[in-house]
Number of protein chains: 2
Amino acid sequence: MGYNEESFIKILKSKGLKVTNQRKTVLKALSSKPDQHLTAEEIYELVRVDIPEIGIATIYRTIQLLCELGLIDKLNLDDGYVRYEIGKEDKNEHHHHHLICVNCGKVLKFDDDLLDELEKQVGKTTGFIVHDHELKMYGYCRDCQNNRK
Amino acid sequence: MGYNEESFIKILKSKGLKVTNQRKTVLKALSSKPDQHLTAEEIYELVRVDIPEIGIATIYRTIQLLCELGLIDKLNLDDGYVRYEIGKEDKNEHHHHHLICVNCGKVLKFDDDLLDELEKQVGKTTGFIVHDHELKMYGYCRDCQNNRK
DNA sequence: ATTACTGCAAAGTTTTTGCAGAGGT
DNA sequence: ACCTCTGCAAAAACTTTGCAGTAAT
């Protein structure tokens, strides 16, 4: 689980890409916060602890690369920031479900397979071949409910 | 269905907001394209047909207002643009489901109530009170499947 | 008459790009 | 040695803000 340097190096080499400290450190940073959803700026701050001279452009370029490799996922919580999270190791679980508190912004992840059936159903109706889906639920978390009382 | 000027005027007046041609025209533009998902720039172009002197700042301010009033919805298709679409007249149908072709970018809407059950289930498990949800499915539309052959 | 709204231009944010030098293969 | 990657700075793209004039109530 989390960060596997071995396999990351293998992936990079197999594509003729170079293994750099910047790339390893960015992926490590995202792996170290598996339950957070980091912005480019937050990743930048994390990586600067190890590589103070890194530029934000490298962060953006690396993020884009990691997305293309399928190692991280882009996430939009509609708060004005584009966020990123480490992907699931098991690529067969292709579901990123998020429960978002509209009051405090807390984000919980949850898994559910109910949607596989829906995917098939929608495919038949519309002619789409569905590969992936993303579900977000908005509401109030337990803490925020308590604080309102 | 779509654009109801009467009720829009009522809503604005009830909040002490002014009824301006700019606001009416922006809402009308979004209503005229109920199945499209327009960016601020696209809305700007549409509205300029009627009001050539309008500024992009007014578009942004009006979009934000219409979102707050719940008349339009923000939508993010992860293509780098924030998009907007006219809301459903019936506020009880709070589901915006989108089927996105990853090849041509076409977006289809679909309705499904399967998720109401899931909302309740998730609420019990996590303690969240869920108000709304958003589901996106990614795949290949029928046209793009044919073109690949 | 009063107060909110608009258009313009400037400024703020976030992200991308060009290029010369550094670093991995 | 080769060619990719990085850091820097500039530019691009998108959105917000301040302000003086305009329009709605």
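Every chain is numbered from 1, with letters handed out A, B, ... down the list of sequences. Computed over heavy atoms, backbone and side chain alike; hydrogens, waters and symmetry mates excluded.
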Please determine whether salt bridge (charged side-chain N to carboxylate O under 4.0 Å, His left out) holds for the pair A:Asp143 and A:Lys106, giving the CA-CA distance in whole Å, both sets of side-chain angles, and the decisive distance to 0.1 Å. CA-CA 10 Å; A:Asp143 291 345; A:Lys106 191 187 300 164; 3.1 Å; yes
For the student: nearest non-hydrogen atoms of A:Arg83 and A:His37, plus distance: NH1-O, 2.6 Å
Selection from [options] that lies nearest to any side-chain heavy atom of [X]:
X       : options                : result
A:Val19 : C:dT15, C:dT25, D:dC19 : C:dT25
B:Ile51 : D:dG7, C:dT15, C:dG7   : C:dG7
B:Lys18 : D:dT25, D:dT6, D:dC5   : D:dT25
B:Arg61 : D:dG18, D:dT16, D:dT6  : D:dG18
B:Gln64 : D:dT6, D:dT16, D:dC14  : D:dT16
B:Thr20 : C:dG24, D:dC8, C:dT6   : C:dT6

Considering every strand and a 4.0 Å limit on heavy-atom distances, what is the contact class for A:Glu53: base, sugar-phosphate, or nothing? sugar-phosphate
Within the 4.0 Å heavy-atom criterion, would you say A:Ile56 contacts the bases, only the backbone, or no part of the nucleic acid? nothing
Can we say A:Glu85 and A:Lys109 salt-bridge, meaning some charged N sits less than 4.0 Å from an Asp/Glu carboxylate O? yes
Atom pair distance, as rounded to whole Å: CG in B:Leu12 and P in C:dT6: 10 Å
Single-linkage hydrophobic cluster A:Phe110~A:Tyr140, side-chain heavy atoms < 4.5 angstrom: no
Hey, does the side chain of B:Tyr60 come within less than 4.0 Å of D:dT16's phosphate (OP1/OP2), counting only N and O? no
Can you find a side chain N or O atom of A:Gln22 that sits less than 4.0 Å from OP1 or OP2 on D:dG7? yes
Tell me whether the side-chain N or O atoms of A:Arg23 pair up with the base of C:dG24 as donor and acceptor below 3.5 Å, since no angle test is needed here. no
